[in-house]
Amino acid sequence: AQKITQTQPGMFVQEKEAVTLDCTYDTSDQSYGLFWYKQPSSGEMIFLIYQGSYDEQNATEGRYSLNFQKARKSANLVISASQLGDSAMYFCAMREFYNTDKLIFGTGTRLQVFP
Amino acid sequence: GAVVSQHPSRVICKSGTSVKIECRSLDFQATTMFWYRQFPKQSLMLMATSNEGSKATYEQGVEKDKFLINHASLTLSTLTVTSAHPEDSSFYICSAKGLGEETQYFGPGTRLLVL
């Protein structure tokens, strides 16, 4: 069964607007971590934000925030005030703590920011 | 902080030859390093996990004799693609994680083209 699901293959947003990228996950573990990475066309994977399953508050990092809804098993990324440089692929990933350090990635969402 | 380098960034080789890719953590000690493969427009697929000083753990379906991984120090891991064939052409990307850390930091990736 797919453990990380990103249902939006592509998203468009106008510059300066906010955008939400969806991510749902499936795990029977009580302890896990959720990550978002950005991959520009150059290929490198840039770490954006992390949310632990026991963290009570939603994680925030600058313009990035993670809308963590544990009961719904969702970990959506919110980008505020989009910039042209935000155009990239965005991957949601999960680490199950009972397992190794492995990350399981979703299929990604391509975000395009237009002027 | 948390910078990971990868070398080379691009390599073209003839079928049947071997190619070595280096992954270095520049400003932290990486107790665990990971090697991923990414096909165009697809997500990252974990190939193997390596801990410093021990044998790598390969994912199901990954040939350990073809993809040799060495993690001889806390800052360096190498992936050698032996007897490369055109179907091995792909984007290979490594990541590194420090002891007790949650986040994997990725290198910039290596594009391999086997002719």
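Source: prediction; values computed, not measured. Letters go in sequence order (proteins before strands), and every chain restarts at 1.
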With rounding to the nearest 0.5 Å, note down the distance linking CD in Gln39(A) to CD in Gln38(B).
4.0 Å
Rounded to the nearest 0.5 Å, what separates atom OG1 in Thr103(B) from atom CZ in Phe35(A)?
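If I round to the nearest 0.5 Å, the distance is 5.0 Å.
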Is there side-chain contact between Leu103(A) and Phe34(B), with heavy atoms separated by less than 4.5 Å?
no
Do Gln104(B) and Tyr37(A) have side-chain heavy atoms sitting under 4.5 Å apart?
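Yes, close enough: below the 4.5 Å cut-off.
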Taking Thr107(A) for its side chain and Ser43(B) for its backbone only, find out whether a donor-acceptor pair lies under 3.5 Å.
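No: the side chain of Thr107(A) does not pair with the backbone of Ser43(B).
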Portion of Gln42(B) that has a non-hydrogen atom of chain A nearer than 4.5 angstrom
backbone
Quick check on Thr32(B) against chain A: is it the side chain, the backbone, both or neither that has a heavy atom closer than 4.5 Å?
side chain
Would the number of heavy atoms belonging to other residues, nucleotides or ligands and lying under 6.0 Å from [atom1] of [X] be above 12?
X	atom1	answer
Gln14(A)	CD	yes
Leu99(B)	CG	no
Arg63(A)	CZ	yes
Lys20(B)	NZ	no
Glu56(A)	CD	no
Met45(B)	CE	no
Phe114(A)	CZ	yes

Identify whether [X] and [Y] are in the same connected component of the hydrophobic contact network (ILVMFWY, side-chain heavy atoms under 4.5 Å).
X	Y	result
Met94(A)	Tyr54(A)	no
Tyr32(A)	Trp36(A)	yes
Leu44(B)	Leu112(B)	no
Trp35(B)	Phe106(B)	no
Leu77(A)	Tyr25(A)	yes

Within residues 51-86 of chain B, residues adjacent to chain A where the heavy-atom gap is under 4.5 Å:
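Interface residues of residues 51-86 of chain B: Glu59(B).
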Residues 42-53 of chain A vs chain B, non-hydrogen distance cutoff under 4.5 Å, contacting residues -> Ser42(A), Gly43(A), Glu44(A), Met45(A), Phe47(A), Tyr50(A)
